[in-house]
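Along the sequence shown, the residues carry numbers beginning at 1.
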Amino acid sequence: MATILQTTDTHVSTSPAYTLSPGDYFYQVAGISLTTTDGSLPAILATGSGTVDIHGTVFSPNVAIGGPLTAVIVASGADVTGGSTGLQTLNTSTQNHYAINGSLTGGTYGLNSSGSNMLYLHVGATGIVTGLDSNGINLNHDIVFASIDGSVSGVQGIGQSSTNGFFVLNMTAGAKATATSSYGISFANSGYLAINGQAAGTTGINSTTVQQVTITVGTSGSAAGSWGDGIAFMSQSATIAINGDVNGSFNGLRGAASLGTSSIAVGADGFVSGGYYGIYVDNNATVSVAGTVSGINSWGIQTGTYSEAGEIYVHAGGLVTGGGGSGGGAVRTRGTHVITNDGTISSTDGVGVLADGAGYLLNTGIISGSTVGILYTDTFSTSDVLTTVNTGTISGGPNPLIAVGPNFFAYDATGSIGTDRFINEGDIIGDVRLGQHSGSNFVNAGTLTGSVYLGAGGQVANSALGTVSGMMVGGTGNDAIVGGQNGGLLLGNAGNDMIYANPTQAAADNHATATLAGGTGTNALYGGGGFNVFVGGDTNGGYNQIWGGASGMSGLSLDFTNNTITFASLSPSQSVYVDLLNGHNAYINSGPNQSGTYVYEDSIINVPNVIGSSSGDVIIADNGIDRIQGNGGADALYAGTGPSSQDTFVYTSYADSNLNTGYDTIVGFKLGIDKIDLSALFTDGSHLAISTAGTSNTLYIEVTPGTFNPATDLALIVNATTNLGLTAVDFIF
């Protein structure tokens, strides 16, 4: 092997200054300068495999060093500059080794090398490779093992274009691959990248291959895209681990392959951020987040297409955020999906989670959205099943701790045609709305600060083991609703519904008040051990079957006095006939004051307390303990007659019964046993004016004692069973 030593201090010549034969070893000692004045050929030209070892300075107006070199060394302190390319090689030998520890600069490429072979490239900590008008390093070898400890820059930092082998790149802490208007790193082969330094460009790292790639961004590593993505890949099989920072003005991480499977893990120290998407992957992707992922103007994470699947795991300490208003949020999946959240998924300007397609969501952490916490918009098939299990917190609304329903949805599947199955054992802040498919159900064993709205087709809402602060409202089908342990309004809405007050002892211990309203249809209403209020009278041709539940409340009698049926919601143009004694039924009259046609409306069992309509009603007590309120109009109220009968007639307003709007008649009043309850009027005996004629008592309760005003004072007729007349014991003040 021939050896050439350059020994003069200054050497200026035309090119090539040195031509190496195959196998030659060229060594330039430190402090020596080699300059060529024309650029027709490289300053140092290799005609075959050989070695160039540069310790001084080499300059050429075209290519500084070129040829099929086996080994190239640019030592620390050395400077190789080409007006076109610093080092340009075309290699055919099996292995090539380049070590750049000095400065390598080209007007176009710093390093431009190709060949159907294997290249080992090392840019040392003192190495600087620069391509002014193109790539700092441009490689087209089939197999490349590159280690970058120094700095590479250019219009594109590092480019690898062969598609026939694989590309391995390791960047250590402090290393840089920087592009001024293209990619920091771009490669077209299957590859493995370990980034512990900085990759920055319009896109930080760009992979164009559909083959398998593995990219690891270490704790000291970063990938930044100033006008694109932090990392972009087309691979159908990608494994990406991020423990450092990945940032893009468009997307933090973008996977555009529509087929294949990707695995993306953001470690506890990882941070991924995009101006639009944090992570956007089209194919079957598994995304694991223990760090932070943020999409500023769109979605924090979006996975899958409508024919693909996505799996997202947010671990304890992990955070996914996103924005973009109605068009964005924290997490979006399309196709079959699995979402497991132990951390925080939150959007202050959009949806917490938007899922489209069959799937499973398990939340033990926090999911929140400024519009909706979880939104299902399934557009695929009626056979899709959407299962959600929550043991953490789900919230929706601009300030869900204050603005809770209606229309601040923690969970909204209104557009879903699949079956929604939602189990809550945690906290929900905001309303819950199921989709429009039969068989959907909501089971609440936690707390819901909001309301529940069922959809079409017949659905189930069961809060037997939980609490609901708002309403539970049925949809258009035949629904089943079980109220919460704190009571509340249970509304069947349309369809033939079954509605249950909470059956547990906890509801009775809470003295919960449940209001059960069947709505339209033929409904079955079941009371529980707390206070039960049944809303009667929908007059649509259906009827309610009403069963009062026995009291289970401590300190109260274990009877049915905890049950009330009310007709206060009837129109003033209607009236009611209630018979608790014989038929145990209620009939709605189409006219006021019993002037129209009766329609059978309610079957009443074990409900001794009645509130009438605002018109003139007929209410007949049974032979037990009843509490009757006529509630406006000229009512005919009948007391019970049995030996155990004890009835209370309640007046809560002076307008309930007066001479101008119609006065009540109480029939069969048992003196000393039955009561007239005036406690809501805050009055006393001095306001009473009683006139007795035999068994008939005319009673006035005056607003101003001693002054009767027919327009403002309460008036009624009390027909007693004896002619002793009303006394103080017959009143409750």
Side-chain angles (χ1 to χ4, degrees), residues 63 65-70 72 82 84-98 100 104-123 129-148 152-171 175-195 199-215 223 225 228-229 231-238 240 254-257:
V63 176
I65 301 173
L69 292 163
T70 302
V72 177
S84 171
T85 303
L87 171 63
Q88 179 167 297
T89 64
L90 174 62
N91 294 296
T92 58
S93 59
T94 302
Q95 294 186 7
N96 305 110
H97 299 264
Y98 303 158
I100 312 299
L104 182 60
T105 306
T108 303
Y109 300 105
L111 167 61
N112 183 27
S113 183
S114 61
S116 56
N117 57 359
M118 183 182 298
L119 171 66
Y120 292 90
L121 170 65
H122 177 231
V123 178
V129 182
T130 306
L132 299 177
D133 293 331
S134 189
N135 297 1
I137 295 176
N138 186 59
L139 304 173
N140 192 25
H141 291 262
D142 290 345
I143 301 174
V144 175
F145 295 92
S147 176
I148 310 296
V152 180
S153 63
V155 173
Q156 178 171 291
I158 299 174
Q160 184 277 329
S161 53
S162 174
T163 61
N164 297 320
F166 58 90
F167 176 58
V168 178
L169 173 66
N170 179 48
M171 289 185 66
K176 296 181 180 180
T178 306
T180 57
S181 59
S182 186
Y183 308 118
I185 300 171
S186 180
F187 62 102
N189 215 331
S190 63
Y192 177 88
L193 275 66
I195 309 298
T202 53
T203 291
I205 299 172
N206 181 56
S207 170
T208 60
T209 181
V210 297
Q211 303 174 55
Q212 181 173 354
V213 299
T214 299
I215 301 173
D229 306 325
I231 298 175
F233 66 92
M234 288 291 297
S235 174
Q236 295 180 7
S237 179
I240 299 176
R254 175 71 169 101

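Of all non-hydrogen atoms in Ser114 and Asn140, the two that sit nearest each other are CB-CB, 3.6 Å. Closest approach of Ser190 to Gly165, counting heavy atoms only: OG-O, 2.9 Å. Listed here is the closest heavy atom pair of Ser207 and Val213: OG-CG1, 3.7 Å. Across all their heavy atoms, Gly157 and Ala179 have their closest contact at N-CB, 3.6 Å. In this structure, Leu104 and Gly110 approach most closely via the heavy-atom pair CG-O, 3.4 Å. Nearest heavy-atom pair, Ala256 versus Met234, reported as atom, atom and distance to 0.1 Å: CB-SD, 3.4 Å.
When atom types are taken as modelled, the side chain of Thr209 and the backbone of Gln211 share a donor-acceptor pair closer than 3.5 angstrom. Here the side chain of Ser182 pairs no donor or acceptor atom with the backbone of Gln156 at under 3.5 angstrom.
Using a 3.5 Å distance cut-off with no hydrogens or angles, the side chains of Asp133 and Thr108 do not pair a donor with an acceptor. If you check the side chains of Ser147 and Tyr120, you find no donor sitting under 3.5 Å from an acceptor. A donor atom on one side chain and an acceptor atom on the other are found under 3.5 Å apart for Asn117 and Asn96. Side-chain contact, Thr163 with Asn189: no donor N or O sits under 3.5 Å from an acceptor N or O. Side chains of Ser113 and His141: a donor on one and an acceptor on the other come within 3.5 Å.
Ring to ring, Phe145 and Phe166 are close: their centroids are under 6.0 angstrom apart.
Taken from CE in Met171 to NZ in Lys176, the straight-line distance is 10.0 Å, to the nearest 0.5 Å. Here CD1 of Ile215 is found 10.0 Å from CG of Leu169. Values are rounded to the nearest 0.5 Å. Taken to the nearest 0.5 Å, the CD atom of Gln160 stands 12.0 Å off from the CD1 atom of Ile137. In this structure, OG on Ser162 lies 13.0 Å from CZ on Phe187, to the nearest 0.5 angstrom. Here the OH-CD1 distance, from Tyr98 to Ile65, works out to 10.5 Å after rounding to the nearest 0.5 Å. Annotation: the span from Ile148 atom CD1 to Ile100 atom CD1 amounts to 9.5 Å, rounded to 0.5 Å.
When side chains are defined from C-beta on, Thr89 does not count as touching Asn112, because their heavy atoms never get closer than 4.5 Å. With a 4.5 Å cut-off on side-chain heavy atoms, Phe233 and Ile240 count as touching. Using a 4.5 Å heavy-atom cutoff, the side chains of Leu87 and Val72 are in contact. Between Leu90 and Pro68, the closest side-chain pair of non-hydrogen atoms is not below 4.5 Å.
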Q: Dump the intermediate steps for side chain to side chain contact (heavy atoms under 4.5 Å, CB included) on Leu193 and Ile205, then the final yes or no.
A: CA-CA 10 Å; Leu193 275 66; Ile205 299 172; 4.0 Å; yes
Q | side chain to side chain contact (heavy atoms under 4.5 Å, CB included) between Leu139 and Leu121, worked out | A | CA-CA 10 Å; Leu139 304 173; Leu121 170 65; 4.2 Å; yes
Q | Test side chain to side chain contact (heavy atoms under 4.5 Å, CB included) applied to Leu132 and Thr130, step by step | A | CA-CA 6 Å; Leu132 299 177; Thr130 306; 3.7 Å; yes
Q: Assess whether side chain to side chain contact (heavy atoms under 4.5 Å, CB included) is satisfied between Ile143 and Val168, documenting all intermediate values.
A: CA-CA 8 Å; Ile143 301 174; Val168 178; over 6 Å; no
